[in-house]
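Notes for the one structure printed next.
Each chain gets a letter, A, B and so on, in the order the sequences are listed, and its residues count up from 1.
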Amino acid sequence: MNALTAANGVSGAAARRWAGDGASRIPFWAYTDPEIYRRELERFFYGRGHWCYVALEAELPNAGDYKLSRVGERSVIVVRARDGGFHVVENRCTHRGVRFCQTPRGNARAFVCPYHQWTYKLNGDLAGLPFRHGVKKGDEVQGGMPADFDPRQHGLTKLKVETYHGLVFASFDPAALPLAEYFGPAVTPWLDRIFKGRKLTILGTNRQRIPGNWKLMMENIKDPYHPGLLHTWFVTFGLWRADQQSRMVMDDAGRHAVMISQRNQGGEAKAVTEGVTSFKKDMTLHDPRLLDVVVEPWWNGPTVTMITLFPSVIIQQQVNSLSTRHILPAGPDSFDFVWTHFGFADDSAEMTRRRLRQANLFGPAGFVSADDGEVIEFSQAGFRQAGAGETVCELDGRGVAPTPHMVTETLIRGMYAYWRKVMEL
Amino acid sequence: MNALTAANGVSGAAARRWAGDGASRIPFWAYTDPEIYRRELERFFYGRGHWCYVALEAELPNAGDYKLSRVGERSVIVVRARDGGFHVVENRCTHRGVRFCQTPRGNARAFVCPYHQWTYKLNGDLAGLPFRHGVKKGDEVQGGMPADFDPRQHGLTKLKVETYHGLVFASFDPAALPLAEYFGPAVTPWLDRIFKGRKLTILGTNRQRIPGNWKLMMENIKDPYHPGLLHTWFVTFGLWRADQQSRMVMDDAGRHAVMISQRNQGGEAKAVTEGVTSFKKDMTLHDPRLLDVVVEPWWNGPTVTMITLFPSVIIQQQVNSLSTRHILPAGPDSFDFVWTHFGFADDSAEMTRRRLRQANLFGPAGFVSADDGEVIEFSQAGFRQAGAGETVCELDGRGVAPTPHMVTETLIRGMYAYWRKVMEL
Amino acid sequence: MNALTAANGVSGAAARRWAGDGASRIPFWAYTDPEIYRRELERFFYGRGHWCYVALEAELPNAGDYKLSRVGERSVIVVRARDGGFHVVENRCTHRGVRFCQTPRGNARAFVCPYHQWTYKLNGDLAGLPFRHGVKKGDEVQGGMPADFDPRQHGLTKLKVETYHGLVFASFDPAALPLAEYFGPAVTPWLDRIFKGRKLTILGTNRQRIPGNWKLMMENIKDPYHPGLLHTWFVTFGLWRADQQSRMVMDDAGRHAVMISQRNQGGEAKAVTEGVTSFKKDMTLHDPRLLDVVVEPWWNGPTVTMITLFPSVIIQQQVNSLSTRHILPAGPDSFDFVWTHFGFADDSAEMTRRRLRQANLFGPAGFVSADDGEVIEFSQAGFRQAGAGETVCELDGRGVAPTPHMVTETLIRGMYAYWRKVMEL
Amino acid sequence: MRPAPIPLTVLESQYRVDQFNAAYGDCLDRGDYDAWIAMFAEDCLYKVVPRENFDAGLPLATMALEGQGMLKDRVYGITNTLFHGPYYQRHVIGAARVLADDGATIEAGANYAVFRTKPGSVSEVYNVGRYLDVFVRQAGELKLKQRLCVFDSELILNSLIYPI
Amino acid sequence: MRPAPIPLTVLESQYRVDQFNAAYGDCLDRGDYDAWIAMFAEDCLYKVVPRENFDAGLPLATMALEGQGMLKDRVYGITNTLFHGPYYQRHVIGAARVLADDGATIEAGANYAVFRTKPGSVSEVYNVGRYLDVFVRQAGELKLKQRLCVFDSELILNSLIYPI
Amino acid sequence: MRPAPIPLTVLESQYRVDQFNAAYGDCLDRGDYDAWIAMFAEDCLYKVVPRENFDAGLPLATMALEGQGMLKDRVYGITNTLFHGPYYQRHVIGAARVLADDGATIEAGANYAVFRTKPGSVSEVYNVGRYLDVFVRQAGELKLKQRLCVFDSELILNSLIYPI
Ligand code: FES
Ligand code: FES
Ligand code: FES
Ligand SMILES: [Fe+3]
Ligand SMILES: [Fe+3]
Ligand SMILES: [Fe+3]
């Protein structure tokens, strides 16, 4: 009953045997099995040298500013320290386990758990607790914590924190390598291109709950094959299609990637539009302001860069629209997806308006991204209904390597090659 | 902890030991255990010679007409072929698993998966995919599928299809016996009686989600004991009660059955109404049109035939009301139930109105069927709350055989005798 | 993966190993593991000498009056017998398992299952069933139950019932010791103080669904540490704080407890208000009627007694407010909580009004109890998100003993010491 | 530019229809079925129709009652013959659109949401849809000549016992 | 036959009550609790009552506040003393039925649905029921002399912090 | 004391706004998007905004359309370019509060609940919030100069395809 079992998300060693090596065929149980999912949390989100995105520096300008964020399924508090740095602590009281912080954003001088008022410094240290030394009644002392109670053993779980040009990352693994090494030299230049030396302005947030496995979103942004086929706007207006100048970049491990491309004039082009039902030959916008693209000096060519920083975040530049897309896994078959759109402090009012107009392309209602959420939902539905089965990611072969074009599924294979190694499957 | 475990729907060999032989006592875990349920899907719905109902021919008159249907938990597409026949294919793209068809009914010339536009013929063959041979850039070719990629290996899952006088059935088992043999000679005459040589008119659909195990609905329609007790209208108006002329028929395997009976004038009758709280001595209808029964020539006596075609459908004639009732299992403790009411092409306007009026007796609001859904829900609740336990189906003994009367639970025993054999429990 | 597994509520022997002895550190899996939870149902709610609260006598004044109640997850019917006593039977038909009684309160002369009209006496005995001896047709008999069918084997599950001064308790264990012995001599005086020789008046019900493990509510009422810290009203108005005269009482087993205290004038008091953020120095009520406390003769000192009768109920006297709080577990991470407020038959109209006004402090909206539900929800959230972990209940040491003060977590330790013994963990 | 003022007769019809709907939901939520029957004309049509059938032009309804006699038979079924777990209904009805009013007959429509609450469980979205109505004026009061409850919630939560 | 036109005074009361309810829901949903208090008469009764108690004639309420003083104490509790996870409320209220109006006092009732949304979760049906009201006219404005929120949603989703 | 009667002009604006909202929900629920576009002024602003952004003064919206041209582009997206699983919408809208009316322009607000029903599934609470509106009178009709749909349901159930 293993196949069936796997298909139904129930575990068992047999259900998790990945036939053959290579990573061009992904078994459905990799998306549905709860035990696999728990191992993913443990190994990718809660340690083993992995870093997760938690915030943008610009969200927390002042000392004491905090926001609730998530690493995997764990609620964490990201707080700006007095010295301008950041602390990231798990949102769970060490006394009796209360997830004590409930206000999504605020400013705090200390964290007080409401249940018994245990109080923590912004860095997570236990600052004090009521009646630790008991209560004096006459000359006897009633109650109190044992003599050997050591507050240093009862601070909040502290995560390792690093920022990279305004991006705040955290890790449960104290031994995690420096962030730049984690990203690797193939990827960092593309982060630098957007963030280095720039002050960000937060434009706002969009949130969606997508009933699919979290990896499907990573796949989606490592999949240059689909945009010119699923998204009418991309193929019709030449924002992303196979006849553009493109590059697929990944780090040595194959876990992070950048899809880079340069728009063209769109319109008909046998090789990429013939028989493509999503291509709309005569389509034009009633209001061109939706796509009033203005080249920014820092682009240096590429009009779009889609950066996947495994396992937790996507950084997107699509013409004038900029955003981080944070993945919050919630069980094997669902994740929450948080978009934070931003601009730069020196943007003109026109540029800000432009970024906001182009934001209509993205997010849960976006002209070229609402349908990504839909196909992810329906992919999960397909895995769930099937018995044993596997996806086929063999465009451009079965190997893993960067490519100078977008007619490939190599980045997906790269991610699963890495996944198999870490998951030991 | 096995009993408890079973009661709580958790598995383990021990939890699934069925004491003794015979099928007159059904253990609660047969209704609650997820592993049992998965085995049921695998053996009854996804193969082992079983056929499942998917549609009525009359729903899909024209070539290319399709509807989404279900076999077990699997979404399938039922489509009318150019030659007038039918194809049934699983609604799951072979590329990356997307359940691509989302519109419940329509007409299609081909099926296109939106994600990467892989295109399938109506019979499920893979007709083509974008960039299979890569994209020409100057004189080099970028990407494309491997040379050994064989489209024939990547068609949609095709189900075996057969129709029986307008009823469309499908099977995941290529070796499934012909439909008529599957039903068996004891049952087919009762299908012929309704369908043979007749053209159907679709009157419409009713849907309900019943929070109980799917077998409880099969039991309900193999249970001639309850209608004259649970349903006031049946006992009071003599539509179904123990003093009628009845026959209980089943196939050799005991899986399919027909409950046949002939109405009488109702009213008081010591043997069947005394102490029956649901019997309402003085009840009459304010509007007799609700029960304006007119005998139809093809009845040849029986006024009601309830046909259970294991595991997926019930075919019902109850006086002038005709319907198929499709069972869509959804986990061990829930199923969706789809009623399709129909008449005949040569019905007069009066007869159509009559069938529609009598439809008030059936469906989720029906005078004699809303309460069936309720007792099924409360049965499941009973199983769930109990520790180890079993139902008692011993009316008319503990054996399995057709009977010339309705004072029996033999059909239920027949079904579970077959169930035990196939489930190897 | 055990830690993770446990944290995620999945079982396995290893996941359930409780390190060391003692009960001052409770592993998170004790709150999240479904298998642990099932064992709790089996051992605490469904037997092993435990009694569960099901009703107040005053709710069912007349013979035949019944109410639906719960023991663990099982629906039971509590009915007043003709002789003035009570029957408690499981709400599950022995024929095919239907939870047949659906009306929360009523008056019945017998219980009839709607499906096939099997009929039970108020004590649960099977009184009769339709067609037991078949139906006479001419001179043959059709159907009927087997000759060896013994109605005595098919009565409803009967629970053992005892009342204690108006409190009705039931047990699935026929060998359960008398109720008074179950409570023990340390606890009964505190029940007597409220109930002995008094006739109750029911004031009404409040219900809440709390998404946390059921034991968290028992803990909450065995936790004298929190009220003076979480609840502003308690510390500010001196209804419950560490500088009051208090006693913590428990039975020999450590499962039941009474928290007893006597209010003081409140206001500032370095030892108990300094640095306590919930203390509001200058707070006064706009309408003092909310706290118009009048001493009742039977108090004999204590103004508050919080009685936990493991595992199912809390009996509360808080100044003039009286209530039972019934715990209905519903899975490891949720329980329903039913408050029944009452007064005494000889209460004056003023006293009744007073009890009702003070009821504003309690229940799902209560000034000093709405936040208990919240911290319980957030505790469960904390357990769920964590990997392996444990709560720390070491206020006043690590041992278990009654105390003459409230600066202690001893009652919680007492409960878990008992829990470990019964659960064999 | 300010438009011609609304004729009082228009405000009057609007008022009557909205009040009718408010009373309609109220009496169903209180389980006052006799009052419910009295809100219909003697010769009336009441249907609860899945939207898919309505859109496809298929005649089948979930409940289809013609005339007060059938309404009475339904109420008898609810109160005396249909075994079911009891539940609360709660109607929240939006403002009606009056589409036609010839003084004797009013055509109107209104969106509704009906919430179901079973004892000991949480409130659920039970049935949402639109009333498509024909009212007649009788003795200065409105009566329903026709009410179609065309509902989106095609997958009914097990059973539908009380009227919508 | 067309009935006598509706007296303007009737339209006026209806308008005022519906507008009152619209404003009531709006200020609660915005968390403007001072405005909420100001909508009540000095000497008023505000109760949130489980339907089972109401139907059984039992006096217990989930919240029972007499007079503006108690309303203020509640608001202080919400804003300063009651620890709770924050949530949004959203009221959707049906048209009121005006049952009596003597010029000084209006008796009315209206169905409501309140949806709760906690940060990072989906919107839930939180509390549905009916307002049973007595309004008084003060300086040409309506004030609540009495509002009973009789709710179907007896099994409260953990806690009920804000007024309904 | 009975207050001054409500001026008819006030009842008139109220009537028009409530009718507008009833028509608005109806045409969206029927999927009549051309009618939807026609309810806006040529030069208009339509935004669907998460409440957290609105409250924080952040400009990002989930949907932000300026002028009928963009509305048309959106409708083309819904009908021709955006792949999505189809679903029913059902609007239930409370009575509007008219906050200002200078005869030419009306400012108003109304709470709404939109329920989503996907084929073969149950109805869900999809999007609840408040319309913040500016209407202009054109040829005696109201048109939307601005509609902000500020929604509580920030965690969108996957995607938001149709207008709210
Ligand atoms: S649980 Fe946090 S202080 Fe006790
Ligand atoms: S998933 Fe279907 S075409 Fe790629
Ligand atoms: S199930 Fe109760 S009588 Fe048959
Ligand atoms: Fe995409
Ligand atoms: Fe039946
Ligand atoms: Fe407390």
- prompt: Under 6.0 Å between ring centres, would you say that holds for A:His95 and C:Tyr225?
  reply: yes
- request: Can you establish whether the number of heavy atoms outside A:Asp148 located under 6.0 Å from its atom CG is more than 12?
  value: yes
task: Enter the distance from A:Phe131:CZ to C:His405:NE2 here, rounded to the nearest 0.5 Å.
output: 12.0 Å
query: How long is the gap from CZ on A:Arg92 to OG on C:Ser379, to the nearest 0.5 Å?
result: 11.5 Å
query: Under 6.0 Å from the CZ atom of C:Arg25, do we count more than 12 heavy atoms belonging to anything else shown?
result: yes
message: Can you list everything that forms a side-chain contact (heavy atoms from CB on, under 4.5 Å) with C:Pro329? Sequence neighbours excluded, please.
response: C:Tyr37, C:Leu41, C:Phe45, C:Trp214, C:Ile327
statement: Bottom line for C:Ser278: the part with an atom under 4.5 Å from chain A's heavy atoms is both
Greatest number of heavy atom pairs closer than 4.5 Å to chain A - which of C:Asp371, C:Thr277, C:Asp243, C:Ile26: C:Thr277
- prompt: What heavy-atom pair brings A:Val135 and C:Ala242 nearest, and what distance separates the two atoms?
  reply: CG2-CB, 3.9 Å
query: With A:Gln153, which residues qualify under side-chain contact (heavy atoms from CB on, under 4.5 Å), at least two apart?
result: A:Asp150
message: Tell me which of these, C:Asp223, C:Thr403, C:Val272, C:Leu216, has more heavy-atom pairs under 4.5 Å with chain A than the rest.
response: C:Asp223
query: Charged N to carboxylate O under 4.0 angstrom, A:Arg96 versus C:Glu409?
result: yes
- request: Could you pull out the closest heavy-atom pair between A:Pro114 and C:Val375, with the gap in Å?
  value: CG-CG1, 4.4 Å
- request: Find the one option among A:His116, A:Gln102, A:His154 whose heavy-atom pairs under 4.5 Å with chain C are most numerous.
  value: A:His116
Lys/Arg N to Asp/Glu carboxylate O, A:Glu73 vs C:Arg384, below 4.0 Å: no
- prompt: Does a donor on one side chain sit under 3.5 Å from an acceptor on the other, for A:Arg99 and C:Gln385?
  reply: yes
Over all atoms of both residues, closest heavy-atom pair of C:Asp396 and A:Gly143: OD1-CA, 3.4 Å
Most contacts with chain C, counted as non-hydrogen pairs under 4.5 angstrom, among A:Gln117, A:Glu90, A:Lys137: A:Gln117
- request: Give a yes-or-no answer on whether the side chains of C:Asn220 and A:Tyr115 include a donor-acceptor pair shorter than 3.5 Å.
  value: yes
Contacting region of C:Pro227 [heavy-atom separation from chain A under 4.5 Å]: neither
statement: Scanning both residues in full, the closest heavy-atom pair of C:Gly397 with A:Pro146 reads CA-CG, 4.2 Å
query: Under a 4.5 Å heavy-atom cutoff, which of A:Gly72, A:Cys93, A:Cys113, A:Ser75 has the most pairs with chain C?
result: A:Ser75
message: Using heavy-atom distances under 4.5 Å, tell me whether A:Lys136 contacts chain C through its side chain, its backbone, both, or neither.
response: neither
- prompt: Looking only at heavy atoms, what is the nearest atom pair of A:Thr94 and C:Val392, with distance?
  reply: O-CG2, 3.6 Å
